[in-house]
Amino acid sequence: MALRLDFLGGFKLDGEAVGPQVLGRKTIGALAALALSPDGVLTRSALAGLLWSDRSEEQARDSLRQALASLRRAVASHAPSPIEADRDQITLRLDRCAIDLHLFQTRAGETGRDGKAEAATLYRGPLLDGLSINDAAFQDWLTRERSRIDTLAVSTLEWLLFSSDADPAGDDYLAWSDSLARIDDLSEPAARARMLHFGAHNESGKAAREYERLKAALREDLNVSPSRETTRIFETVTASQDAPIPDRSRSAPVTPIVMSANPANTGIAHAINSSADHPRIAVLPLRNLSGNPDENFFVDGVTEDIIVSLSSFRAIRVISSQSSFGFRASVPEPVSVARTLNASYLVSGSLRRSPERVRINVELIAGDTGENVWATRFDRELKDIFDIQESISRSIVTVVVGQIERTAVAQQRRKATDDLSAYELVLRGNEKLHQVRWHDNIQARDFYRSALTLDPQFARAHAGMALAAFDAVFMGWDTDELLPDGVGHAVRAAELDPIDGHAQLALGMLKLLQGDYAAAEFHLQSAHRLNESDADIMIYFAIFLIYNGEPETALRWIDEAVALNPLHPEYYFTVKGTAHVGAGEYDAALDAYSRRGEHDRLVLAYMAVAASLTDRLEEKNALLAELRQSDAALPQEGKRLSTVLLDEIQLYRHGRDRDKLTATFSSLGLLVKNVSH
C-alpha cells in the first residue's frame, strides 16, 4: 500500500495528523523537501545544508542521519520502504507514495472544471501550515515554496469563480471564495465572488457588509480604495434585488488589483518575493514568414524588444527570452508550454518583412485554457517598427492588467533610433555578445561601433559596447585598459536613455571591476528597479553579491532568476556553482558546475578548488591538466591564468575571502609571482 503524505495545511502521515513532537520538525521538513525535489532525490549535503545550515558539515550530516532513522521508523509498516539512501543521496520513492502536493499541482494544471475543483478541495491551507523551523535556509525555502503553491491555488480558485460556466448560487462557490480570502484577506476577487454569491441569493445586506469590510481593510492596510470593477459589482448587486448579475466572464480578474503602497521598494526581500503577486507572460519567438533564414536575427531582435518593453511594466512579470526561445523549433500545445514556463499568458505571432514594409500578427493566449484572449495585426512601413513594438506591448499590458496609468505608459515610450541600419547592427552585436566567446566579443564590438558611426546617439549601441568591455576584461580576454572606454559608453547610454536597465547593469558591473562596491550596488539596484523581470540582471546582481561576501543571498537571487528563466543559458550554472563555493558548499558547487557543458579557465580553477576541498583527487588532477591546456591555447592578447586569478581574488571585497582564495589557489600551484601578462 502506498504511503500517504499530506503537506497542505498541517502535516499528515497516512491520514493521521503527526505533530513535530512525534516525528520532529526537521524530519517533517526533510520529508517535504524530498517530496518537492525533482524525482524525490536530494544529495545528503543539500538536505543537511537546508535544515542545519548553522552547524558544521559533520554535525549537520549526523543530525540528518538521526532524522532519517526517525523517518524510517515512522514508515516501517510500508514495504518496500519509500525511503532509500546511499552515501551521496537520499530518495523518496514517489512511485510508492500518494502525495497531496503532487495531485494538487496535477489537477490545478488541467483545463476542465472537475480537475480544478478537485485541486481546490485538496488545498486545505499553506504548505506545512503551523510548522516553523529555526533555520534561515529552510525558512527561505519554505517561504518560497509556500508562495509558489499559494499562487497556483489563487489562480485555480479564481478560474473556478470567474469562468463562464461558474454558478454564484452554488455552495462550492462560497467555499471557494472563502478559501481565496484565507490566502489573502485583502483579495478583491474573493470579495467580488462573495458579493456575486450574496446577490444570487437576494442577500444585498450581506453584499453591502462585504464591500464595506473590504473598503475599510484596504484603507487601513494600504490606504487605497476598492477598484472600479469591485465597486461596479457592489453597485449592481445592491441596486435592486431584481437587477441581473453582471457577466462573470467580464469581471474575471487576471491579476490582484491591490498593489503595495510602496511599489518602488527595492529591498532584497521585496525583489525575491514580489514576482508571485503578478501574472507571468512568456513571449514566444515570432515566426519568420519572410522566406529568408538570414532574417531570423531581425525577427528575434524584434521579439526581444517586445520582451524588454513588456518588462518595464511593474504589474506583470515577463519570462526571459532564453526560456521563451527554447520553443523556437517546434511549439507544443499552448497549455503545455505555459505549464513548462510557469506562465499565465503566452504571446505568439509571426513577422513578415519586405524591403519597405513589415507585417506582424500577434495574439495573447490564456495559459490555463489555451484560449485566444486578444489578437491583432500591424501592417506598417518598416520605419515604424519601434512604434509597432510599443503598441504591441501597451495593448498586451492593457488587456492583462485591465488598466494602466497614462503616465506609466508615457514613461515607457522610447524611440531607439531613426536609423534602421543602426538598429540591425545592434541586433547582430547582441547575437554575438550572447555567445560569451572571445572572437564573438570582438565581432560584437565591431557591430556596435558601426552602429554608433551611423547614429552616435543610439543608447543601446553604447550599452552594448559597455557590456562587451565588461565581458572582455572580466573573462581575461583583454586588459584593464578597456575599462575606462566601457565606463564612458555606459555613462553615455544612461544619459541618452535613463530608463535603459542594461545601461545601469553595465555601469554596475564595470564599477565592480574598478573596486567601487557602493557605486556597483547602486547601479545594479537601479537596473533591477527599471526591469524587475530581467533574469540576466538578477544573475549579474548575484555575481556582485558573491564578491560582496553574500553568497547565500546570491543563491536566493539565482533561484528567482531561474524561476523567470527556466530554460536559462548554461552560465547560470556557473554563477550558482561559484556562489556555492563562496558559501563553503563544495559538493553543491561541483554539482552545479557539472551541469554546464564547457568551462572557461576561471571556472576550471574554482572546480579544482572544490574538488580539492572535497578530497576528489583524481577529479582535481584532471581539472588542473585541463587548465594547463586551456591556458596554453589562449590568444596572445589574453591574460595568463595566474594574472586572471590574481585579478579574481582582488574582486572580493573582504580580506577573509581574498586570503582564503589566495591560500587555496596557491596550494594548487595556480598562482605564480611576478607574472607580467
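What you see below is based on every heavy atom in this structure, not just the backbone, and it leaves out hydrogens, waters and symmetry mates.
Every residue two or more places apart in sequence or in another chain that forms a side-chain contact (heavy atoms from CB on, under 4.5 Å) with A117 is listed here: L160, W176. With sequence neighbours left out, D129 forms a salt bridge (Lys or Arg N to Asp or Glu O under 4.0 Å) with no residue at all. Partners of S70 according to the side-chain hydrogen bond (donor to acceptor under 3.5 Å, both in side chains) rule, which considers only residues two or more places apart in sequence or in another chain, do not exist here. With sequence neighbours excluded, the residues that form a side-chain hydrogen bond (donor to acceptor under 3.5 Å, both in side chains) with D178 are R194. In this structure D6 satisfies the side-chain hydrogen bond (donor to acceptor under 3.5 Å, both in side chains) test together with R4, sequence neighbours excluded. Scored by the salt bridge (Lys or Arg N to Asp or Glu O under 4.0 Å) test, R146 finds no partners at all (sequence neighbours excluded). Under the rule for a ring pair (Phe, Tyr, Trp, His ring centres under 6.0 Å), W52 has no partner lying at least two apart in sequence or in another chain. Qualifying ring pair (Phe, Tyr, Trp, His ring centres under 6.0 Å) partners for H197, counting only residues two or more places apart in sequence or in other chains: H201. Checked against salt bridge (Lys or Arg N to Asp or Glu O under 4.0 Å), D95 has the following partners two or more places apart in sequence or in another chain: R93. Residues that satisfy the side-chain contact (heavy atoms from CB on, under 4.5 Å) test with L103, not counting sequence neighbours, are R107, E118, L122. Partners of E521 according to the salt bridge (Lys or Arg N to Asp or Glu O under 4.0 Å) rule, which considers only residues two or more places apart in sequence or in another chain, do not exist here. Not a single side-chain hydrogen bond (donor to acceptor under 3.5 Å, both in side chains) links Y540 to another residue, sequence neighbours left out.
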